[in-house]
Amino acid sequence: MAEKYYDHKKIEFKWQNVWEKEKVFEADDNSAKKKFYGLTMFPYPSGQGLHVGHPESYTALDIIVRYMKMKGYNIMNPIGWDAFGLPAENYAIQQGVPPRETTQENIKNFTKQIKSLGFSYDWSREINTSAPEYYKWTQWMFLQMYKHGLAYKKKAKVNWCESCKTVLANEQVIDNKCERCDSEVLQKDLEQWFFKITAYVEKLLAGLDQLDWPEPIKLSQKNWIGKSEGAMLRFKIKDLRLKNKKEVYIEVFTTRPDTIYGATYMVLAPEHDFVVSLLKIKNQKSKIKNIAEVEKYITDTKKKTELQRTDLAKEKTGVELKGVKAINPANQKEIPIYIADYVMMTYGTGAIMAVPAHDQRDFEFAKNFGLEIIPVIKSEKQKTVLILHGTEGHSKKNWYPWLKDELEKQGFNVIVPNMPDSRNPQLRLWLKHLQKIIKEISGEFIIIGHSLGCPTALQFIQNNKINVSKLYLIAPTHSKMDWQQIEETHEKGQCECIKKVTNAGYDASQINQLVKEIHLYLSEDDTYIPFNVLKLFQDLKPINHLYKNKGHFNKSTRDMVEFLDLLDELTKQAYEAEGKMINSDKFDGLDNKTAMKKITKKIGGKMQTQYRLRDWLISRQRYWGTPIPIIYCAQCGEVAVPEKDLPVKLPEDVDFKPTGESPLKSSKEFHRVKCPKCGQSARRESDTMDTFVCSSWYYLRYANPNNDSEPFSQKLINKWLPVDTYIGGAEHANGHLLFSRFFTKALNDFGYLQFDEPFLKLRNQGMILGEDNQKMSKSKGNVINPDEVIAEYGADTIRVYEMFMGPLEDSKPWSTSGIIGVRRFLEKVWLVIGEWLDNNKPEDSSNDMEKLFHQTIKKVTLDIETMKFNTAISAMMILVNQMTKIKKFKQVNVEGLLKILDPFAPHISEELWEKVSGTGLICQQEWPVWDETKIVEEEVEIAIQVNGRLRAKIIIPIDLDEEKVFALALDQNNVKKFTDNKEVIKKIYISKRLVNIVIK
RNA sequence: GCCGGGAUGGCGGAAUUGGUAGACGCGUUGGACUUAAAAUCCAAUAGUAUUUAUACUGUGGGAGUUCGAUUCUCCCUCCCGGCACCA
């Protein structure tokens, strides 16, 4: 071999040229072979150029595609550019360079970079979403949606910066301020286009089951669609009639119509139609007694962004519509109406019936405003509160009956046993007695321990092993005492109580397992401290750990404060679960699920399904996107641009500087147009489409990219699609991936496609982090430039390294030293084969190499199928390490190694193939098959355990029978050491793995 | 707060899905070659004790199931990603 050293610079460009010249990777529309369509999410050609993350998914797919090609499939592996988008436009605003120019420049750069990595793309199918030849069909897609009623216009909010006079994308809003000028962002209503993705919710949900996608992605889409079943109910407004004398109703959606008897008020979103119209009409407006307050609340809400409004931590605000009442349709009771921003206009009807007893949000609101709380569902699970108090000498006596009374009002079952003095030796007997009582109680169990009742409570839980949902401990402590002092007091035995308590010996982990929620109240006291209760709590990590310092209260005042807090704590949650109906007239006693339908029927509501998913807003008040093909005519109204007039081209004579209007309006030539219907002068829609529209169908265009009479021909689309394997980031779960499914399903319904899912198999690649384990970013200075890596180590090295780093779907840090190992591996391949050639291909006489070759082929083949590329590479490394030792092998095995290496490192494989075989290209060879008979082991090493601990290893013939294996195992010196004079209870033999001898 | 993913030597990771934990690679240490360095090659490399043999500890922490747990169950801690009051 001429070149002794592996010089990637000499070979990589050479083979890239050969592949391109011979059109090796062009997909064949006419082949009879089975097709395989592999795809990665196409890149946005950003100014920064290729990132090391790009080659990761590209290499992974390239390996699969090259492998499938060698397996005999007709491959389609296309590439293109998601070329519309904000950065190019921002650059135009700053630098005055038209987006088309920057984009073209970036594509040129990306192309060069991607080509230098040697991927097997079919460049003849390259697409560019910003090219008129492409966006003509994006517009055509819009028209299909429009024709079928899936594209419509309505008002929606946009982020508006008053000082820049421009609409801002969500990512341009930082802290509710404009990223450019730092002034406050307002919400502004604009007429905007939507795609009715909500019409496909059921189909989108149903389709998920069939897909070979990562489960988290499927789940995420399911949650995103957010299906929930409930009822539509109508609430009448009291003493209010429309002009036509009809009564006024407000409709609400609820998932819990069963709770309607507990609906003690209504809440409307501030944007609700009823509120808006009420404030518009003068004589009705005057009905509202607190109109100024109401109007102020509404304007305040408008200033808030969605994010501020939906901050869960904030207290619930609202304002009553004084003077207007609603009627609860179940019991005809008058109830107040509130406006509050915790109700969103975008979900359901923008109005709710509030049931504070059974909805946590309503509950919190009701507490703030002192509204009535009526429980209408009783927990099927009984709630029992056991109050364990301290010695009789303590002054709490009066509080226990009070607390018992209050809790019973709330539906709790309360037990306050008459405690013996905890210093009393009878305690144990007493606990046993209590245990009997408790055994008969089922349901939720709450224990309150007070003072010396604390240790009793803990002991009780531990001894009885009952599951306690909540444990409250109210323990007195001295404000001046610290932990150490407490301990000292204890050790000196100064306090008898402490000593007694300590002797109980609690097991923190056991208690932790038995108790779901632990709350600890500590308060001032100068008597004694159940010391190890406190210490125990350090291990238990109580959920609510309250130190109280209430000043100079006397004891009973202090107790009152504690018990009020406790009561509040115990009843601070709404009961949201199932149960039996109460306070609901004739429905009382039914279980709530049965009542749900009956009540809905009785009050004339209808069961309905709601979805969280909203329609897809596709309008962008931007230049660098696909123009929406609509014309507005004074005569004919909204007119779709006829298909023959497509594409509606993006004009070049526009001003990019923000003016407050879509940039397209500044182009006269674009804006003013004749109406296609009546010929009168009209104006064009000046908004462009969300770039996600472009990427929702690009995978379809690859089937027939140069067709200029249709987006794709029937023959080709149904030949190539759907995509067999798709690789891309998981961040697109609820965006691109959902939109593409929607498009495919819609086009299937329109009759253009014979399939209704675009991507059969999906895999996500993880993120490549910087060496510091942080996301790569310019500001952190941890960005790795792939060009530099390619220049230094070669494309093959970066490809193999990125696959070797770890599992594809994991995120993992880059390691500059780690890549050296991969480079060494390729150098070894080069060297060992070069040497073998120089020595006239010496053959191996033993079978060892042969076996390893076949094992490796098997491992690599199976690993590619399951995308475990890191272990496939490791297997090849093992083989090559062995080869450098043996140095003699058969021609067929060397060829086999090169073939399995080819998908990973195609350039070096091609170069060595030329030298070893001399015929054809390696990427067009057949994938090698392993011979199972050559892999079979004759002997196997098995482990010998005694009681599950490894004591010896022996090598046995593979088919040795069990009895002989046991005999051998028991005969090992190190085994005898442990089994001598011991009774063997059990012997376990796991074939070809281990023996476990169980002794007494 | 909710949903999802994760935690294994100094580092990236492997482990046939309940069966010998640490494959492979990086790094480190020692040795060979060299005037020397780099490169390359060889050997060692989870920790502790020890003369090897071996023993003990060890897969974020705590419990449990099992002859046997990185793997299954429960509880907890921390990290990463997504979502935001969905009635």
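Naming convention: chains lettered A, B, ... in sequence-line order (proteins, then strands); numbering from 1 in each chain.
Side-chain proximity of A:Tyr347 to the nucleotides B:U20, B:A87, B:G81 is greatest for B:A87.
Every pair passing salt bridge (charged side-chain N to carboxylate O under 4.0 Å, His left out) that includes a residue from residues 815-827 of chain A is listed here, sequence neighbours excluded: A:Arg823-A:Glu827. Under the salt bridge (charged side-chain N to carboxylate O under 4.0 Å, His left out) criterion, the residue pairs touching residues 252-264 of chain A are A:Arg256-A:Asp258, with sequence neighbours excluded.
A search for salt bridge (Lys or Arg N to Asp or Glu O under 4.0 Å) contacts involving A:Asp273 returns nothing, not counting sequence neighbours. Residues satisfying the salt bridge (Lys or Arg N to Asp or Glu O under 4.0 Å) criterion with A:Arg951, sequence neighbours excluded, are absent altogether. With sequence neighbours excluded, the residues that form a ring-ring contact (aromatic ring centres under 6.0 Å, His included) with A:Phe739 are A:Trp616, A:Phe692. With sequence neighbours left out, the ring-ring contact (aromatic ring centres under 6.0 Å, His included) criterion links A:Phe904 to no other residue. Every residue was checked against the salt bridge (Lys or Arg N to Asp or Glu O under 4.0 Å) condition with A:Lys606, not counting sequence neighbours, and none meets it. Remark: A:Tyr265 engages A:Tyr338, A:Phe365 in a ring-ring contact (aromatic ring centres under 6.0 Å, His included) (not counting sequence neighbours).
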Base-pair map of RNA chain B as dot-bracket, where | denotes pairing with a different strand and pairs are Watson-Crick or G-U under 3.5 Å: (((((((..(((......[....)))((((((.......))))))((((....))))..(((((..]....))))))))))))....
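Using atom P as the reference point in both B:G10 and B:A46, the two lie 10 Å apart (nearest Å).
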Base versus backbone protein contacts along nucleotides 37-47 of chain B [heavy-atom cut-off under 4.0 Å; B, S, -]: ---SS------
Contact letters for nucleotides 53-60 of chain B, in which S counts primed atoms plus P, OP1 and OP2 and B counts the base, heavy atoms under 4.0 Å: -SSSS---
Reading 5' to 3' through nucleotides 10-19 of chain B, protein heavy-atom contacts under 4.0 Å coded B for base, S for sugar-phosphate only, - for none: --BSSSB--B
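Neither OP1 nor OP2 of B:A87 sits under 4.0 Å from any side-chain N or O of A:Thr349.
At a threshold of 4.0 angstrom between heavy atoms, the contacts of A:Ile819 with the nucleic acid are absent. Using a 4.0 Å heavy-atom distance criterion, A:Glu215 is classed as making no nucleic acid contact. No contact: A:Ser220 has no heavy atom under 4.0 Å from any strand.
For A:Glu809 and A:Asn764, the side-chain atoms include no donor-acceptor pair closer than 3.5 Å.
Annotated as anti: B:U48, whose glycosidic dihedral deviates from 0 by more than 90°. With its glycosidic angle within 90° of 0, B:G9 adopts the syn conformation.
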Stepwise salt bridge (Lys or Arg N to Asp or Glu O under 4.0 Å) test for A:Lys218 and A:Glu215: CA-CA 5 Å; A:Lys218 290 207 245 179; A:Glu215 284 306 320; 3.5 Å; yes
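Note that A:Arg234 lies in the cation-pi zone of A:Tyr249, set by a 6.0 Å cut-off to the ring centre and a 45° limit from the axis.
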